[in-house]
**Q** 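I am attaching a structure below and will ask some questions about it afterwards.
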Amino acid sequence: NMKSAYCNFFIARDNSNEVVLNFGFNQGLGSTQQDLQVQMLQQVILHPATARRVKDTLVELFQKRDAPRVRAGASPVAPKKTG
């Protein structure tokens, strides 16, 4: 029964027992904040421990995804200490 939907908008809320993620599609992308036209598509309710695992997994995915860009670009230069 899995459904797929493209989402470019989300809202996250939490309390002591759960983390609630609401996903939607912003139809007015690029317009001002006042012109927001979001169609909410899905709500996901997670136990805080599960939400933490989702966060950790996303961080790891983006670190892997961004690693080739960091290696290909100029190396960061540490600021010189003065004084």
Side-chain angles (χ1 to χ4, degrees):
N1 294 333
M2 187 184 311
K3 297 179 183 178
S4 297
Y6 176 80
C7 297
N8 62 3
F9 180 87
F10 78 97
I11 297 172
R13 296 198 170 106
D14 75 325
N15 61 46
S16 60
N17 299 317
E18 62 192 19
V19 174
V20 179
L21 303 174
N22 294 310
F23 294 95
F25 180 70
N26 179 3
Q27 300 169 358
L29 192 62
S31 60
T32 66
Q33 186 76 12
Q34 295 168 339
D35 297 334
L36 217 68
Q37 297 176 359
V38 177
Q39 176 187 3
M40 297 310 292
L41 300 172
Q42 188 70 45
Q43 182 177 73
V44 179
I45 302 169
L46 303 167
H47 184 276
T50 303
R52 190 171 290 111
R53 288 195 309 269
V54 169
K55 185 243 346 158
D56 292 343
T57 301
L58 288 171
V59 166
E60 185 178 320
L61 284 172
F62 277 95
Q63 286 173 342
K64 287 179 183 177
R65 182 177 190 256
D66 295 340
R69 293 183 209 165
V70 171
R71 276 187 252 127
S75 343
V77 178
K80 293 182 182 180
K81 292 184 179 180
T82 59

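None of the values given here were measured: they were computed from a predicted structure. Values below: all heavy atoms of this structure, side chains included; hydrogens, waters and symmetry mates excluded.
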**Q** Mind checking the CG-CG spacing from L61 to D56? Nearest 0.5 Å is all I need.
**A**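 The CG atom of D56 is 11.0 Å from CG of L61, to the nearest 0.5 Å.
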**Q** Would you check if F9 and Q39 make a side-chain contact, meaning some heavy-atom pair closer than 4.5 Å?
**A**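 Result no, sub-4.5 Å side-chain heavy-atom pair not found.
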**Q** If two hydrophobic side chains count as joined below 4.5 Å and joins carry through other members, does L21 share a cluster with I45?
**A**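 Different clusters: L21 never reaches I45 through Ile, Leu, Val, Met, Phe, Trp or Tyr contacts under 4.5 Å.
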**Q** Identify the two heavy atoms, one from S16 and one from P48, that lie closest to each other, and give their separation to 0.1 Å.
**A**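 Between these two residues, the closest heavy atoms are O-CG, 4.0 Å.
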**Q** Nearest heavy-atom pair of N17 and N15: which atoms, and what distance?
**A**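 Closest approach of N17 to N15, heavy atoms only: N-OD1, 2.7 Å.
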**Q** What distance separates F10 CZ from Q43 CD, expressed to the nearest 0.5 Å?
**A**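 Taking CZ in F10 and CD in Q43, the distance rounds to 14.5 Å.
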**Q** In the single-linkage hydrophobic clustering (I, L, V, M, F, W, Y; side-chain heavy atoms under 4.5 Å), do Y6 and L41 co-cluster?
**A**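 Yes, it is one cluster - the side chains of Y6 and L41 are joined through contacts under 4.5 Å.
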**Q** Which distance, rounded to the nearest 0.5 Å, do you find between the CZ of R53 and the CG of L46?
**A**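 The CZ atom of R53 sits 9.5 Å away from the CG atom of L46.
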**Q** Can you check whether N8's main-chain N or O pairs, donor with acceptor, with N26's side chain at less than 3.5 Å?
**A**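 Between the backbone of N8 and the side chain of N26 there is no qualifying donor-acceptor contact (under 3.5 Å).
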